[in-house]
Amino acid sequence: RFDTVVDSGLFHAFDDDERRLYVASLGRVLVEGGLLHLLCFSDREPGSTGPRRVSAEELRACFALGFELLALEPVRFETRIHPGGARAWRASFRRSP
């Protein structure tokens, strides 16, 4: 069991079914009150090259059960192919009881 999990670029790689499994597994490994810090590509990034884009609404919906959203903000994800960084979301969630 963990107090904190950091996801830097994994969540956006999953399809819808895998996301449900991922969130459920986080619910099992995070202690009650544990924190998840997540960085994923944003739907605000133009084009279609690179990983699947994620909307703020998708993040909220995926973690709606069992997690409390603490913070969600637009940031840049540094990559080799996106000059100035790709648009991303940085989110923090707390595992609910």
Side-chain angles (χ1 to χ4, degrees):
R1 309 268 302 176
F2 298 94
D3 295 319
T4 304
V5 170
V6 176
D7 174 342
S8 181
L10 180 62
F11 180 77
H12 60 245
F14 296 132
D15 65 28
D16 291 341
D17 290 332
E18 291 168 328
R19 286 180 180 179
R20 282 188 283 282
L21 293 171
Y22 172 76
V23 172
S25 69
L26 286 172
R28 289 189 299 274
V29 300
L30 268 172
V31 299
E32 185 177 313
L35 299 175
L36 166 66
H37 301 289
L38 184 145
L39 181 64
C40 66
F41 277 85
S42 168
D43 60 336
R44 295 180 177 184
E45 180 64 32
S48 59
T49 303
R52 178 178 172 186
R53 300 339 190 232
V54 179
S55 71
E57 294 75 28
E58 283 178 285
L59 281 171
R60 287 185 184 96
C62 286
F63 291 93
L65 295 176
F67 291 86
E68 171 191 0
L69 178 62
L70 301 176
L72 178 60
E73 62 181 326
V75 295
R76 293 287 180 157
F77 199 113
E78 197 168 317
T79 73
R80 293 183 181 156
I81 60 171
H82 298 91
R87 291 183 176 103
W89 294 112
R90 181 171 49 211
S92 293
F93 297 91
R94 177 180 293 125
R95 186 178 171 278
S96 303

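Below 30°, between 30° and 60°, or above 60°: for Phe77 and His12 the angle between ring planes is above 60°, a perpendicular geometry. Taking the six-membered ring where the residue is Trp, Phe63 and Tyr22 present perpendicular rings, their angle passing 60° and hence far from 30°.
Surrounding CD1 of Ile81 are more than 12 heavy atoms belonging to other residues, nucleotides or ligands, all under 6.0 Å away. The number of heavy atoms from other shown groups lying within 6.0 Å of CD (Glu73) is above 12.
Residues Arg1 and Leu30 share a closest heavy-atom pair of NH2-O, 3.1 Å. In this structure, Leu70 and Arg94 approach most closely via the heavy-atom pair CD2-NH1, 3.6 Å. Between Gly27 and Phe67, the shortest heavy-atom distance links the atoms N-CZ, 3.9 Å. Between Leu10 and Asp7, the shortest heavy-atom contact is N-OD1, 2.8 Å. Of all non-hydrogen atoms in Glu18 and Ala13, the two that sit nearest each other are OE1-O, 4.3 Å.
Between the OG1 atom in Thr4 and the CG atom in Leu36 there is a gap of 9.5 Å [rounded to 0.5 Å]. Arg95 CZ to Glu68 CD: the interatomic distance, rounded to the nearest 0.5 Å, is 13.0 Å.
Hydrophobic cluster membership is shared by Val29 and Leu38, with clusters built from Ile, Leu, Val, Met, Phe, Trp and Tyr side chains linked at under 4.5 angstrom. In the hydrophobic cluster analysis, where Ile, Leu, Val, Met, Phe, Trp and Tyr join through side-chain heavy atoms closer than 4.5 angstrom, Trp89 is grouped together with Val5. Cluster membership for Leu59 and Val23, using ILVMFWY side-chain heavy atoms within less than 4.5 angstrom, is shared.
Considering Arg20, Arg52, Arg53 as possible partners of Glu58, the one that fulfils the salt bridge (charged side-chain N to carboxylate O under 4.0 Å, His left out) test is Arg52.
The closest donor-acceptor contact from the side chain of Arg44 to the backbone of Arg87 lies at 3.5 Å or more, if one exists at all. A distance-only check finds no donor-acceptor pair linking the side chain of Glu45 to the backbone of Ser42 [under 3.5 Å].
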Handout entry: Working for side-chain contact (heavy atoms from CB on, under 4.5 Å), residues Phe93 and Leu26
Key = CA-CA 11 Å; Phe93 297 91; Leu26 286 172; over 6 Å; no
Practice task
In sequence, state the C-alpha distance, the side-chain angles, and the governing distance for Val54 and Cys62, and then conclude on side-chain contact (heavy atoms from CB on, under 4.5 Å).
Solution key: CA-CA 11 Å; Val54 179; Cys62 286; over 6 Å; no
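Seen from the ring of Phe11, Arg19 counts as a face-on cation partner, given the 6.0 Å and 45° thresholds.
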